[in-house]
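Counting begins at 1 with the first residue of the sequence. No hydrogens, no waters, no symmetry mates; every other heavy atom, side chains included, goes into these values.
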Amino acid sequence: MPNPIIQIRNLHLGIASLTIILVGLSYGLCPSQVLPFLFDFKVESVDLSHVFRAMMGLYLGFATYWIIGIFKEEHWRGATLSSIVFMGGLASGRMLSILVDGIPSVLFLIGTIIEILFMLWGLNNLKTESKTTNHELRVQQKINKPMGYRS
């Protein structure tokens, strides 16, 4: 059996995990220092720091599940689906904000594009995996048919 991390379908989960880990850490490790450097606002209250650290925890939790999906076959589909929902949800919220609030900074626009691409990549992986699984099932059914059986 090939090494699971080398399988091309896992590249999506691997890159998405790495991206979300980096974003999550940038939000939560030192929000009062990192976020003013990256964005146009200051984190000046304990409550706002709490929100960003909670977001970091959420991001790290999802990334952990996606990594589990790389190594545990039985979790691959759920991990991929959760990545699609996660990235699609972020992109949808950002697109709503673009419509309601206007065009954000370049960093947020790049983030929106990346989230859309991850969502589409995950959808494509699910579609491809579904076709492969259906083909393998049909082949297995043909192998298991008794002699003389016609469909």
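- Residues Leu117 and Ile20 fall into different hydrophobic clusters, defined by Ile, Leu, Val, Met, Phe, Trp and Tyr side chains chained together at heavy-atom separations under 4.5 Å.
- Interatomic distance, NZ of Lys127 versus CG of Leu120, reported as 11.5 Å (0.5 Å rounding).
- A distance-only check finds no donor-acceptor pair linking the side chain of Ser130 to the backbone of Leu126 [under 3.5 Å].
- Contact record, Ser32 with Val43: CB-O, 3.5 Å, taken as the closest heavy-atom pair.
- Between Arg9 and Asn125, the shortest heavy-atom distance links the atoms O-ND2, 3.3 Å.
- We find the NE2-CG distance between His75 and Leu81 to be 14.0 Å, quoted to the nearest 0.5 Å.
- Residue Phe39 is not grouped with residue Ile103 when hydrophobic side chains (ILVMFWY) are merged at heavy-atom distances under 4.5 angstrom, including chains of intermediate members.
- Taking all atoms of both residues into account, the shortest heavy-atom contact from Pro31 to Pro36 is O-CD, 3.4 Å.
- Between the CG atom of Asn10 and the CD1 atom of Ile15 there is a distance of 11.0 Å, given to the nearest 0.5 Å.
- Here the closest non-hydrogen pair linking Val34 and Ser26 is CG1-O, 3.3 Å.
- For the atom pair CG (Asp101) and CG (Leu96), the distance works out to 7.5 Å, reported to the nearest 0.5 Å.
- To the nearest 0.5 angstrom, Met87 atom CE is 13.0 Å from Ser92 atom OG.
- The two residues Met56 and Leu29 come nearest to each other via the heavy atoms SD-N, 3.8 Å.
- Side-chain atoms of Ile114 and Val23, non-hydrogen and from C-beta on, never get closer than 4.5 Å to each other.
- Hydrophobic clustering, with ILVMFWY side chains joined whenever heavy atoms are under 4.5 angstrom apart, groups Ile110 together with Trp121.
- No path of Ile, Leu, Val, Met, Phe, Trp and Tyr side chains, each step under 4.5 Å between heavy atoms, connects Leu22 with Leu107, placing them in separate hydrophobic clusters.
- Among Tyr27, Trp66, Phe52, the single residue meeting the ring-ring contact (aromatic ring centres under 6.0 Å, His included) criterion with Tyr59 is Tyr27.
- Here the side chain of Thr112 pairs a donor or acceptor atom with the backbone of Phe108 at under 3.5 angstrom.
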Decide side-chain contact (heavy atoms from CB on, under 4.5 Å) for Ile67 and Ile21; before the verdict, give the C-alpha distance in whole Å, the side-chain angles of both, and the deciding distance to 0.1 Å.
-> CA-CA 11 Å; Ile67 292 168; Ile21 287 169; 4.2 Å; yes
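- Taking the six-membered ring where the residue is Trp, the centroids of Phe86 and Phe118 are separated by 6.0 Å or more.
- A chain of hydrophobic side-chain contacts below 4.5 Å, direct or via other Ile, Leu, Val, Met, Phe, Trp or Tyr residues, connects Leu38 to Leu48.
- Contact check for Leu90 versus Met119: no side-chain heavy atoms found under the 4.5 Å cut-off.
- The local environment of CZ in Arg53 is crowded, with over 12 non-hydrogen atoms from other residues, nucleotides or ligands closer than 6.0 Å.
- Other residues, nucleotides and ligands contribute only 12 or fewer heavy atoms inside 6.0 Å of the CZ atom of Phe37.
- When all heavy atoms of Leu13 and Ser83 are compared, the closest pair comes out as CD2-CB, 4.2 Å.
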Residue pair Ile116, Met95: steps toward the side-chain contact (heavy atoms from CB on, under 4.5 Å) verdict | CA-CA 10 Å; Ile116 292 168; Met95 289 187 294; 4.0 Å; yes
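- If you take OH on Tyr65 and NZ on Lys72, they are separated by 12.5 Å, rounding to the nearest 0.5 Å.
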side-chain contact (heavy atoms from CB on, under 4.5 Å) between Asp47 and Val51, intermediate numbers included = CA-CA 6 Å; Asp47 288 348; Val51 167; 5.7 Å; no
